[in-house]
Novice: 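Pasting in a structure now, in structure tokens, and then I'll have a few things to ask.
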Number of protein chains: 2
Amino acid sequence: MEQTNYHHGNLRSSLVSTGIEFLNQKGVAGISLREIARTIGVGHNAPYRHFRNKQQLLEAMAEDGFRRLKARYTRLELEFANDPEGQIFESAMHVISMAADQPNLFQLMFGGHIQPQDCGGNLKLAADDAMQSLVAIIRNGQRLKVFKEGDPMTLALSTMSMIQGLAIMVSSGKLKVQFQTQAKDSSWTGRQTLLRAMVLQLFDVFLRGLKRS
Amino acid sequence: MEQTNYHHGNLRSSLVSTGIEFLNQKGVAGISLREIARTIGVGHNAPYRHFRNKQQLLEAMAEDGFRRLKARYTRLELEFANDPEGQIFESAMHVISMAADQPNLFQLMFGGHIQPQDCGGNLKLAADDAMQSLVAIIRNGQRLKVFKEGDPMTLALSTMSMIQGLAIMVSSGKLKVQFQTQAKDSSWTGRQTLLRAMVLQLFDVFLRGLKRS
DNA sequence: TTGATTATGTGGGCAGTGTCCACATGAGTG
DNA sequence: CACTCATGTGGACACTGCCCACATAATCAA
């Protein structure tokens with residue numbers, strides 16, 4: 001009897017998870033507190049015991065996404081130690097494949113639906129952590145003479161922008177066409193390798209620069 | 001008597017423009033067909049004579065944004081002829097300052113709220129035009145030996161990603177902090193020059209590459 | 001054990017929304 | 001003038017977020 005869902009139980013987490021399900025299926029605009037409560041099998045007012053607003057539920061869902069993102073970041077940071085280029089590319093790849101797999105969640109996280117200053121700092125930290133990791137990676141890469149010199153913050157912001165941009169293009173479907181038409185193999189791993197190849201090309205421009213010489 | 005707004009008139013364009021006003025003030029989620037109709041002074045069903053859906057009104061508003069964007073693009077393309085780097089930077093600057101001035105409109109245009117394949121191709125063209133312009137600029141820059149060689153489409157996609165990423169960071173307020181705290185001069189031109197300086201720094205990383213030499 | 005307090009879930013209700021419907025009105029055309 | 005068609009009107013329905021008072025289960029003090 002793990003989940004004592006009789007009359008009480010682990011709501012809140014149920015709300016968040018089925019919320020994310022609905023998010024993936026019907027987009028941010030298609031989310032309804034009442035419908036979530038209905039499918040969980042609970043009164044239409046139960047969610048208000050765990051979230052003050054619909055907005056707060058959305059923030060909790062986004063926070064869940066940020067948390068997963070950060071967990072993976074730190075794993076990659078260890079896995080590719082002493083390979084800053086690998087660290088950065090794999091981080092980018094992770095964000096981008098998340099944008100490909102769960103475009104709506106990505107849109108919720110980065111589309112301006114969330115105002116980090118509203119919720120109790122909990123979310124703001126999660127969102128900033130990625131930035132902190134990036135700065136650290138850049139700094140390490142500069143020490144190893146892999147990345148160019150200069151203000152690490154500026155370099156990190158540029159890198160973040162590039163990653164976000166790629167992810168946005170993927171999540172909004174502007175890149176999907178090209179790597180879907182090629183994809184005879186429609187399995188997840190198939191799509192993943194194609195996506196990887198494409199991002200590799202596009203990210204290389206960023207690493208080496210658009211200008212000549 | 002330009003606007004015969006008595007019983008008939010130029011609705012549709014009124015709907016779009018006051019729609020954009022509401023968008024700027026209250027965000028995408030805060031837009032209500034009924035409220036728009038109410039403030040225009042028209043029945044709550046009048047909009048349905050011009051748009052099948054709320055969605056279609058949103059698309060029309062986004063299309064308006066795309067149109068303005070493209071108009072500026074072609075102007076810049078002429079103004080900075082034979083200066084591909086200038087063309088690209090000014091294009092980026094334009095997108096980004098739009099993201100700064102009207103973050104909600106920008107979010108509507110690129111945040112996944114619009115499915116270009118839905119509306120009658122009219123919007124899809126407007127959105128793709130920017131891409132076409134970029135490819136042309138890149139090609140010209142390659143001819144002038146300013147940009148590196150390689151598939152122009154790939155280079156254009158990278159550039160587009162970088163621009164989008166910067167714009168997203170600005171519109172979602174992740175960069176606002178830094179260039180607002182510095183801004184003693186809070187006038188539009190003041191903010192604009194600060195924004196310009198910041199983007200210049202960040203974009204330079206993209207032009208020269210993150211890697212060392 | 002018992003009794004009170006707190007956390008959690010329930011139903012009713014209200015204003016507001018998007019969308020469908022039948023109807024009204026006005027402009028334009030034969 | 002009559003007819004048609006584009007455009008605008010009010011009514012209605014299901015649905016939503018959120019507020020209220022109330023019910024129930026868990027927790028804890030005595």
Side-chain angles (χ1 to χ4, degrees), chain A residues 1-23 25-62 104 108 112-115 118-120, chain B residues 1-23 25-62 104 108 112-115 118-120:
Chain A
M1 197 191 285
E2 292 167 327
Q3 308 198 7
T4 71
N5 240 345
Y6 160 65
H7 200 188
H8 294 241
N10 52 346
L11 238 165
R12 188 182 157 108
S13 71
S14 279
L15 288 168
V16 172
S17 63
T18 73
I20 291 183
E21 274 178 41
F22 274 92
L23 176 62
Q25 289 177 351
K26 322 205 294 184
V28 182
I31 286 188
S32 145
L33 276 189
R34 284 174 112 110
E35 189 176 12
I36 292 176
R38 214 179 300 135
T39 64
I40 291 186
V42 80
H44 66 269
N45 261 321
Y48 286 88
R49 301 295 147 181
H50 298 268
F51 304 98
R52 227 181 312 135
N53 283 342
K54 178 181 181 181
Q55 185 64 21
Q56 281 221 340
L57 174 58
L58 293 184
E59 282 164 8
M61 286 158 44
N104 292 331
L108 172 65
H113 297 102
I114 263 52
Q115 299 297 353
D118 289 353
C119 54
Chain B
M1 196 190 285
E2 292 166 328
Q3 306 197 9
T4 71
N5 241 345
Y6 162 64
H7 201 187
H8 294 240
N10 53 344
L11 238 166
R12 194 189 149 104
S13 70
S14 280
L15 288 168
V16 173
S17 62
T18 74
I20 291 183
E21 273 178 41
F22 274 91
L23 176 63
Q25 289 177 352
K26 321 205 294 181
V28 183
I31 286 188
S32 145
L33 275 190
R34 285 173 111 110
E35 189 177 12
I36 292 175
R38 214 179 300 134
T39 64
I40 290 185
V42 81
H44 67 270
N45 261 321
Y48 285 87
R49 300 297 148 182
H50 299 269
F51 304 98
R52 225 178 314 132
N53 281 343
K54 177 181 181 180
Q55 185 64 21
Q56 281 221 340
L57 174 57
L58 293 183
E59 282 164 8
M61 286 158 45
N104 292 330
L108 171 65
H113 297 96
I114 263 51
Q115 300 296 353
D118 289 353
C119 53

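Sequence lines set the chain letters: A, B, ... in the order given, protein chains first and strands last, and positions in each chain run from 1.
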Novice: Would you mind reading off the distance between B:L15 atom CG and D:dG8 atom C1', rounded to a whole angstrom?
Specialist: 12 Å
Novice: Would one find a side-chain N or O of A:R38 under 4.0 angstrom from OP1 or OP2 of C:dT10?
Specialist: no
Novice: Looking at B:G43 and B:A37, what are the two nearest heavy atoms and their distance?
Specialist: O-CB, 3.5 Å
Novice: Which of these nucleotides, C:dG13, C:dG9, C:dT19, is closest to any side-chain atom of A:R34?
Specialist: C:dG13
Novice: How long is the line joining CD of B:E35 and P of C:dA15, in whole Å?
Specialist: 17 Å
Novice: What nucleic acid atoms does B:H44 come within less than 4.0 Å of, heavy atoms only: base, sugar-phosphate, or nothing?
Specialist: base
Novice: Could you list the residues that satisfy side-chain contact (heavy atoms from CB on, under 4.5 Å) with B:F51, not counting sequence neighbours?
Specialist: B:R12, B:L15, B:V16, B:Q56, B:L57, B:A60
Novice: Please classify the nucleic acid contact of A:I31 as base, sugar-phosphate, or nothing, using heavy-atom distances under 4.0 Å.
Specialist: sugar-phosphate
Novice: Give a yes or no answer on whether the side chain of B:E59 reaches the backbone of B:H113 with a donor-acceptor pair at less than 3.5 Å.
Specialist: no
Novice: Could you check how far CG of B:L58 sits from P of C:dG18, rounded to whole Å?
Specialist: 10 Å
Novice: State whether B:R49 places a side-chain N or O below 4.0 Å from either non-bridging phosphate oxygen (OP1 or OP2) of C:dT25.
Specialist: no
Novice: Would you kindly give the CG-to-P distance between A:L11 and D:dA26, to the nearest whole Å?
Specialist: 14 Å
Novice: Is the phosphate of D:dC18 approached by A:N45 (side-chain N or O, under 4.0 Å from OP1 or OP2)?
Specialist: no
Novice: Under the rule for salt bridge (Lys or Arg N to Asp or Glu O under 4.0 Å), what residues qualify as partners of A:E35, not counting sequence neighbours?
Specialist: A:K26
Novice: So which atom in B:I20 and which in B:M61 form the shortest heavy-atom distance, rounded to 0.1 Å?
Specialist: CG1-CG, 3.8 Å
Novice: B:K26 has an atom NZ; how far is it from atom C1' of C:dG16, in whole Å?
Specialist: 11 Å
Novice: Is there a side-chain polar atom (N or O) of B:S32 under 4.0 Å from OP1 or OP2 of C:dG16?
Specialist: no
Novice: Starting at OH of A:Y48 and ending at C1' of C:dC14, how long is that distance when rounded to a whole Å?
Specialist: 13 Å
Novice: Tell me: CD1 of A:I40 to C1' of C:dG9, nearest whole Å?
Specialist: 13 Å
Novice: If I take atom CG in residue B:L33 and atom C1' in nucleotide C:dC20, what distance separates them, rounded to the nearest angstrom?
Specialist: 14 Å
Novice: Look at the side chain of B:R52 and the base of C:dT19, then say whether one donor and one acceptor between them are separated by less than 3.5 Å.
Specialist: no
